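All figures in this text were calculated on a predicted structure; none of them were measured in a lab.
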Amino acid sequence: MWITEGLTDGKDLQRKVSEKRKMSMLVIFGVLVMFTGDAMGSLSMIPDCSFTQSDPCYGAVGHPLHLQLPFEYELNLRKNDSATHTLSRIFKVKHHRITKMPSDDQRWQFVSKNRTIIISSAEKRDSGKYFLDTFDFSGTSKGMYDLQLVIEENSPPTINLLEFGQSIMCVIEDFYPKPLSIKWKKDDREVRGRDWKTTENDSGSYRAVSVLEANLTSSSPGNKYTCEVTHGGRTYEKNLSPAAQFSLKINPPPAKELFINQRAVLECVLTGDNQKEVEGATVSWTVGGRSPATRDVRVGGVTQAGSAFTKTSTLTLEESVWFSGDEVICSTSVDQRTTSDKISVKRGGQRPSIVIYKPDKTVSDSDSVSLVCEVSSSDLANVYVMWKVNGGQYIEGNSMTTIKNDNTLIVLSYLTVTGQQYNSAEITCAVKDANIQNDLQPRTSSPSKTNSPPTIRLVEFGQSIMCIIEDFYPKSLRIKWKKDDREVRGRDWKTTENDSGSYRAVSVLEANLGSSSPGTKYTCEVTHRGKKYSDNLSSRVQSSLKINPPPAKELFINQRAVLECVLTGDSRKEVEGATVSWTAGGRSPATGDVRVGGVTQAGSAFTKTSTLTLEESVWFSGTEVICSTSVDQRTTSDKISVKRGANSPPTIRLVEFGQSIMCIIEDFYPKSLRIKWKKDDREVRGRDWKTTENDSGSYRAVSVLEANLGSSSPGTKYTCEVTHRGKKYSDNLSSRVQSSLKINPPPAKELFINQRAVLECVLTGDSRKEVEGATVSWTAGGRSPATRDVRVGGVTQAGSAFTKTSTLTLEESVWFSGAEVICSTSRTSERISVKRGGQRPSIVIYKPDKPVSDSDSVSLVCEVSSSDLANVYVMWKVNSGQYIEGNSMTTIKNDNTLIVLSYLSVTGKQYNSAEITCAVKDANIQNDFQPRTSSPSISKVNCPICPVSDWR
């Protein structure tokens, strides 16, 4: 420990400096004293920390740290030894004199003149809790102070470059200590940026921002912009080359093509923000390192969605190539930049097992039924799942999900069918997968097949109508046609058998639809197993009307706008007889300005075009143009007008950025405007960036206010006021600590075991001090809960976020009553309540449609469903053991029914001998809180003492 007295003799000090290699050594009060350049400078510096502060004091390893002491007669400094839980003395001073021997650590200096401790080079071991006792000259205590000292390693900066309009921001974060220098380069030439004020984070590290107005749109492709930061003697840099933003992604092949056409169709989607770049980009494929045949690749045109432009290239492969595991690469070259994406099928081991889970109850024809197809393997490949009802087309399930269960990967596909289909049709789950046997045939599983009624569809085919009758069993049926109420004769095709064993039939009626009167009703009536089924179709004229906008060529060459009104229909007679009329600005045009063409045919469509010619002045005036037609006593019209440019007021957004606020002013016209900033009601000065023009011809501007938000009082109001064409527009923002509040709903376990709802209110913020000081309060149904029902935890940290959790415990009757629960802090609140439903839901357990051995692993699915489903909580029991949670749970919306599925895996032995129960609690209108249960039937062979239960 070194002590320095305040000196009045500058010459004496100078002499001492020269004698001791420019390090002053002076003995005062019998203790060696050292002055360094840093120590002398510190006499006039404001200390970094003070013993009167409540927050911890942060320092960096290898850097000096200054601690301000109170100006009292006697000071006694001690440090808490965390190992022995005792206080060890650092030093004791009486009236500028050290009376107790200090530590032999010469890094510590005491400057008596301004009562400052200087740690010349801090070390990690200096961290800890320090206590300072103070006394006056008579020995009377003047108080005790404590200070938590935290010494951290040097923190290098992290650098991010961001494009913002025409500028580049260099965001430099989390560095310590504060001094650094910033330099910008464009390619290898130094350019000048604008540095914002360096600000301190709550953690004690620093943040800085520098902005380079680069005029990015006029930059040459490949221009390199570099932000170079020097900190702690080292140089760090980040660079950016502005270019069109684009991405490339391969979409895997859909299952439908693999099943129906035995081909894998992959899409490579190029997306970018520059139409020219996307249009000019070349897209190429390789499969297993080789280029595919030209006929297997198809490239589409460029489409636009918002500001994104997309081009898609499609590659078609034989399924054997795809399932071989060959790597497929799609590459593109945009503006001399090449990028690629790759994909390949994940190959597995042996073919997976397939099990269909069906309801463990009787199903009526009027019910809606769900089936679950489980595909599982310990080495599961990419799988593709589809369904068939009787011998129809492959169809996709309602949803599909993947579950990892111990060492087994499971894919579930979920299909909803009618009760009639379930009872009479053969329903098949089919799976294709990449397996080591290279077996590409679909593997299938089906529940038992029974009688199946026909499904009927009527399809127009030219002038005829087809009646397509599918998926019926047995084979015998009778077909009858009617035109209105009169029986007419059709031609029946041969009935054929599907692979599944069901049948399909077709009958054709030559109806001469084009000459039928509109509204004529055609009916196909089928009799199968004594029941009648039918479908009908009414003849009609199909037509459409559309105005095409004027082409540019006529506007430029002849200064006229030529608009086409195109009438399209499927009846030549109707199209020929239709009248087409125009109005422009509510008036009929001159006869000489309208021309009607003849009828043309393309396929089964007939077209007639009427052309209207306007002076360009009329068109550009914004006049509304309407084209109307009357076909078969039905009138239809289309309208069009030019979109005119006009004065456009600004839209204003305020955005926090570090300690500053950005005012983003967009889409205004004309260019001239004025920007003013206010802090509360006092005008303050911001920095305006250059106003830039958008592609649309409107303008965009940005102004930045260095608000030092971290030190602003909560509620300080910042306003950006914009004057444009004599009118004022504004937006404002109030400073605040960033924080969020969230209530987590109660877990099922507490509701089942303790009949209580335990809710967590989680407060998260970026300031430890604010989170620690925040008070969290609860109300349930408008009333404050008992103190014993609320528990508040301490503050925890994860990264830069600090979290505090308050827990509220309610009786389940209060929770299920639907009482609104509110968690509040002084700044914000969050609320939650149970969703109450109607009657108690139905519960069905789906079990495997096959015998299960004791050595198998078995999965059960519990379906909870209702058209008015409340919040539900699902748990399982094996015999009379504790409630356990399922392996996973998911929610599905199916037509008007909400369905919750819980999935549980058990051993085959448990499945065959134990009572397995799915239990459900829900918020229902009966206020019945007892768990509703369902259990599958079990084998009693090995279970002589199993209880008799009301199982389904």
| query | Do you know the tightest heavy-atom contact between Ile822 and Ser829? | reply | CG2-CB, 4.2 Å
| Can you check side chain to side chain contact (heavy atoms under 4.5 Å, CB included) on Glu830 and Cys761, steps first, answer last? | CA-CA 8 Å; Glu830 178 79 358; Cys761 183; 5.7 Å; no
| query | Just wondering, more than 12 heavy atoms not from Lys749 lying within 6.0 Å of its NZ? | reply | no
| request: Without swapping roles, check the side chain of Lys804 against the backbone of Val771 for a donor-acceptor pair under 3.5 Å. | output: yes
| said: With a sphere of 6.0 Å drawn around CZ of Phe137, does it hold more than 12 non-hydrogen atoms of other residues, nucleotides or ligands? | reply: no
| Is there a side-chain contact between Phe175 and Val229, using heavy atoms and a 4.5 Å cut-off? | no
| query | Given side chains that start at C-beta, do those of Leu65 and Ile151 come closer than 4.5 Å, heavy atoms only? | reply | yes
| Where do Ser205 and Tyr176 come nearest, in terms of heavy atoms and distance? | CA-CD1, 4.4 Å
| said: Testing the basics here: between Pro157 and Ile172, what is the closest heavy-atom pair and its distance to 0.1 Å? | reply: CB-CG2, 3.5 Å
| Side-chain donor/acceptor of Asn80 to backbone N/O of Leu87, under 3.5 Å | no
| note | OG (Ser120) and NE2 (His66) are apart, to the nearest 0.5 Å, by 9.5 Å
| field | Arg107 side chain to Ser121 backbone, donor-acceptor under 3.5 Å | value | yes
| task | Nearest 0.5 Å please: distance from the CG atom of Asn732 over to the OH atom of Tyr718. | result | 12.5 Å
| request: Look only at the side chain of Arg115 and the backbone of Glu72, and say whether a donor-acceptor pair between them is shorter than 3.5 Å. | output: yes
| remark: When rounded to the nearest 0.5 Å, the distance separating CG of Asn76 from NZ of Lys94 is 10.0 Å
| task | Determine, step by step, whether Asp789 and Thr809 satisfy the side chain to side chain donor-acceptor pair (under 3.5 Å) criterion, reporting the C-alpha distance in whole Å, the side-chain angles of both residues, the deciding distance to 0.1 Å, and the verdict. | result | CA-CA 5 Å; Asp789 295 332; Thr809 301; 5.9 Å; no
| task | Measure across Leu248 and Ser340 and return the closest heavy-atom pair with its distance rounded to 0.1 Å. | result | CD2-CA, 3.7 Å
| field | side chain to side chain contact (heavy atoms under 4.5 Å, CB included) assessment of Tyr206 paired with Leu180 | value | CA-CA 10 Å; Tyr206 291 89; Leu180 54 64; over 6 Å; no
| message | With a 4.5 Å cut-off on side-chain heavy atoms, are Asp731 and Cys663 touching? | response | no
| field | Min side-chain heavy-atom separation Ile661-Trp677 under 4.5 Å | value | yes
| task | Give the C-alpha distance, both sets of side-chain angles, the deciding distance and a yes or no for side chain to side chain contact (heavy atoms under 4.5 Å, CB included) between Ser127 and Leu149. | result | CA-CA 5 Å; Ser127 296; Leu149 189 57; 5.6 Å; no
| query | Hey, is the main chain of Thr796 close enough, under 3.5 Å, to the side chain of Thr803 for a donor-acceptor pair? | reply | no
| request: Measure the shortest side-chain to side-chain distance between Glu173 and Asn160 over non-hydrogen atoms and say whether it is less than 4.5 angstrom. | output: yes
| Side chain to side chain, Lys717 and Thr719, heavy atoms closer than 4.5 Å | yes
| For the residue pair Tyr236 and His231, does the interplanar ring angle fall in the parallel (under 30°), tilted (30 to 60°) or perpendicular (over 60°) class? | tilted
| task | Step through the shown structure and confirm whether more than 12 heavy atoms of other residues, nucleotides or ligands are within 6.0 Å of CZ on Arg768. | result | yes
| Sidechain N-carboxylate O distance under 4.0 Å for Glu228, Lys185 | yes
| field | Min side-chain heavy-atom separation Tyr130-Leu67 under 4.5 Å | value | no
| query | Is it true that a side-chain atom of Glu750 and a backbone atom of Pro747 form a donor plus acceptor pair closer than 3.5 Å? | reply | no
| query | Shortest non-hydrogen contact from Glu772 to Val795? | reply | CG-CG2, 3.4 Å
| said: Nearest 0.5 angstrom please: Trp108 CH2 to Ile119 CD1, how far? | reply: 4.0 Å
| query | When rounded to the nearest 0.5 angstrom, what distance separates SG in Cys170 from CD1 in Ile159? | reply | 5.5 Å
| task | State, yes or no, whether a side-chain contact exists between Leu147 and Leu132 at a heavy-atom distance under 4.5 Å. | result | no
| field | Test: Lys92 and Glu74 ion pair at under 4.0 Å | value | yes
| task | With side chain to side chain contact (heavy atoms under 4.5 Å, CB included) as the test, would you mind laying out the steps for Val776 and Cys823 before giving the verdict? | result | CA-CA 7 Å; Val776 181; Cys823 174; 3.4 Å; yes
| request: Spell out, as yes or no, whether a donor-acceptor pair under 3.5 Å connects the side chain of Ser155 to the backbone of Asp174. | output: yes
| Pairs flagged by side chain to side chain donor-acceptor pair (under 3.5 Å) wherever residues 132-145 is involved - sequence neighbours left out | Arg78-Asp133, Asp136-Ser138, Ser138-Thr140
| said: Can a donor-acceptor pair be found, under 3.5 Å and without considering hydrogens, that links the side chain of Lys249 to the backbone of Asp341? | reply: no
| task | May I ask you to check whether over 12 heavy atoms, not counting those of Lys79, lie within 6.0 Å of atom NZ? | result | yes
| Which residues share a salt bridge (charged side-chain N to carboxylate O under 4.0 Å, His left out) with Lys679, sequence neighbours left out | none
| request: Please confirm whether the backbone N or O of Arg125 pairs with a side-chain atom of Glu123, one donor and one acceptor, at under 3.5 Å? | output: no
| field | Gap between atom CH2 of Trp184 and atom SG of Cys227 - 0.5 Å precision | value | 4.5 Å
